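Okay, structure first, notes after.
A quick note: this is a predicted structure, and the numbers were derived from the prediction, not measured.
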Amino acid sequence: MNNDSSIAQIAAILREEADRLGPGARLPSSRELMRRHNVSPVTVSRAIGQLAAEGRVVTRPGSGAFVTQRSRHTQDAPDLSWQTVALGDRVVDEGPVSALLGPHPEGVVPLTGGYLRPGLRPDKHLAAAAARAVRRPDAWAMPPLAGLRELRRWFATQAGSDATEADALIVSGGQAALTHAFRALAAPGTPILVETPTYPGALAAAKAAGLRATAVPMDREGVRPELLAEAFAVTGARVFFCQPTLHNPTGATLPPERREQVLEVARAAGAFVVEDDFARYLTPQPPASLASMDRHGTVVHIVSLTKILSPSMRVAAVIARGPAAHRLRASQLVESFFVARPLQETALEFVGSPVWRRHLAAVHAEIATRRDALAAALAERMPDAEPHLLPAGGMHLWVRLPAAVDEAALVEAARRNGVLVSAGRLYYPSEPPGPRIRVTHMAAAHVAELREGVRRLAEALTIIGQ
């Protein structure tokens, strides 16, 4: 018997023997081991050699193999508490964003999330676009620092009005765009106005930039211009962040006349409006952007391909004019230089192909089907839970719960019952007006699973009410 398995067996036996005998003890002789285990001299020699390599034994010619004194002392854990003082109090809570981005366990129905599920993503077409893109001349060369000219022109055209490629900056996704905008437009320690509720990622980005988020109330048509004017006057803020189209989480879309009012209020305050147009491609008929109505450089417009294509399509544009545009470009340059050219080329290939329009049509049809199915299931199973409105696109319904419901308890009970929803508290920069949840219809595998998720949610509501 002289093979690797035999060597491993003898080595294991000798480890146990060494532990039993203790440091300084002599192992049985090679001859004794050969006789006891019916193995060859080579097998014994290699097994002892393995223990010697591990530091368990030391061999002494003519005397045998002896168990070593093995240190069991481990170093004390390093004291990192000094970092708390050095870092100061600018703590960023990444929990809400992590909760939205995290994967869901097997068997759980996801009624949360913010991206197209795998079956709805155009993965094959994206792969084909990427294959074409990397064959382009200079595909791996350094791109223009502001982004490929053709891609900037495309985004500028999407924004509308007289925006040109010179006004557009390509950045790594909408979240990066928010970070650049907040850092470029407002000084640390100053206030920033936000809709309430609002996107948790914007709150986190504002906190990371050292800004103080101040809430401006909304109604079913979006932010209320008279309260926006009051907030500017009270706080002295110079930046207002908003999502005027299919607002996250409420689904509200500002009507044209209110869009004009928001711009007038901002111009009167000498302030910027950061327009996060994240859902432009999630509705069949998106309204004219704030940027297209702006003639004074008030609006910094953000639009991304991530929501409509893939979470890994981290390509977005920031459109701005004047000194603000210069500061945005400087922020991009010092932080990351530029967006990887192959990714830009892939985006350009995709939006320039016929499949782009077909993909939009397919997603819009699926959104309508799923939105209606979710609303119907909620009405049937949870009649006392009232959707804020039925939006003309997007991925979510914002649901008001009965006042007596413990929102946190419901979210946890739902999780235990096999369905995930987003707690409303995550979306408020200040005190919430009551229990809310955001329910997503685009993450479930199909409509049947969507209905099953609502059934589990309703069951969880019954459980906490008992």
Side-chain angles (χ1 to χ4, degrees), residues 114-116 122 146-182 184-185 195 198-199 201-202 205 222 239-248 253-254 259 262-263 272-294 297-321 324-325 328-329 331-332 339 343-344 346-348 350-352 356-357 359-360 363-364 367 391-395:
Y115 300 108
L116 299 182
L148 296 178
R149 183 175 181 180
E150 299 88 342
L151 188 57
R152 288 187 283 127
R153 183 184 302 124
W154 184 84
F155 274 117
T157 301
Q158 297 291 301
S161 188
D162 58 352
T164 70
E165 69 265 19
D167 303 320
L169 171 70
I170 305 301
V171 298
S172 296
Q175 190 66 25
L178 291 180
T179 299
H180 290 311
F182 293 165
L185 303 177
E195 299 153 317
T198 192
Y199 165 51
V239 178
F240 169 50
F241 166 76
C242 66
Q243 296 178 322
T245 300
L246 295 173
H247 170 265
N248 180 15
T253 293
L254 277 176
R259 290 177 182 242
V262 166
L263 291 179
F272 291 99
V273 175
V274 176
E275 178 187 24
D276 182 10
D277 207 6
F278 77 101
R280 171 145 296 269
Y281 305 114
L282 299 178
T283 181
Q285 296 180 319
S289 68
L290 292 177
S292 70
M293 306 165 70
D294 173 37
T298 300
V299 177
V300 173
H301 178 81
I302 295 170
V303 63
S304 170
L305 292 174
T306 306
K307 295 292 186 186
I308 190 61
L309 294 183
S310 162
S312 288
M313 179 51 74
R314 308 304 300 172
V315 174
V318 184
I319 296 174
R321 290 177 288 176
L328 285 159
R329 283 170 168 75
S331 175
Q332 159 88 345
V339 176
L343 195 57
Q344 293 191 57
T346 298
L348 192 58
F350 191 92
V351 299
W356 166 244
R357 291 295 170 190
H359 173 64
L360 290 180
V363 171
H364 296 160
I367 285 174
M395 298 183 176

What heavy-atom pair brings [X] and [Y] nearest, and what distance separates the two atoms?
| X | Y | answer |
| --- | --- | --- |
| Pro286 | Arg280 | CB-NH1, 3.4 Å |
| Cys242 | Val273 | SG-CG1, 3.7 Å |
| Ala392 | Pro284 | O-CD, 3.9 Å |
| Gln344 | Val339 | NE2-O, 2.9 Å |
| Gly174 | Ala316 | N-CB, 3.7 Å |
| Asp167 | Ala163 | OD2-CA, 3.5 Å |

Stepwise, does the side-chain contact (heavy atoms from CB on, under 4.5 Å) test hold for His180 with Val171?
CA-CA 9 Å; His180 290 311; Val171 298; 3.9 Å; yes

Walk me through whether Leu305 and Phe155 qualify under side-chain contact (heavy atoms from CB on, under 4.5 Å).
CA-CA 10 Å; Leu305 292 174; Phe155 274 117; 3.9 Å; yes

Apply side-chain contact (heavy atoms from CB on, under 4.5 Å) to residues Ile308 and Met313 and explain how you reach the verdict.
CA-CA 9 Å; Ile308 190 61; Met313 179 51 74; over 6 Å; no

Is [X] reaching over with its side chain to a backbone N or O of [Y], donor-acceptor style, under 3.5 angstrom?
| X | Y | value |
| --- | --- | --- |
| Glu275 | Val299 | no |
| Thr253 | Leu246 | yes |
| His359 | Leu309 | no |
| His364 | Tyr281 | yes |
| Thr306 | Gly173 | no |
| Glu195 | Gln243 | yes |
| Gln332 | Ile170 | yes |

Please report the interatomic distance [atom1]([X]) to [atom2]([Y]), rounded to the nearest 0.5 Å.
| X | Y | atom1 | atom2 | result |
| --- | --- | --- | --- | --- |
| Thr346 | Leu151 | OG1 | CG | 10.5 Å |
| Arg153 | Glu165 | CZ | CD | 4.5 Å |
| His247 | Asp276 | NE2 | CG | 9.5 Å |
| Phe272 | Asp294 | CZ | CG | 10.0 Å |
| Leu328 | Ile319 | CG | CD1 | 11.5 Å |
| Asp277 | Ile302 | CG | CD1 | 10.0 Å |

Give the intermediate values and the outcome of side-chain contact (heavy atoms from CB on, under 4.5 Å) for residues Leu282 and Lys307.
CA-CA 8 Å; Leu282 299 178; Lys307 295 292 186 186; 4.2 Å; yes

Does a donor on one side chain sit under 3.5 Å from an acceptor on the other, for Ser292 and Arg259?
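Absent: no donor and acceptor within the cut-off.
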
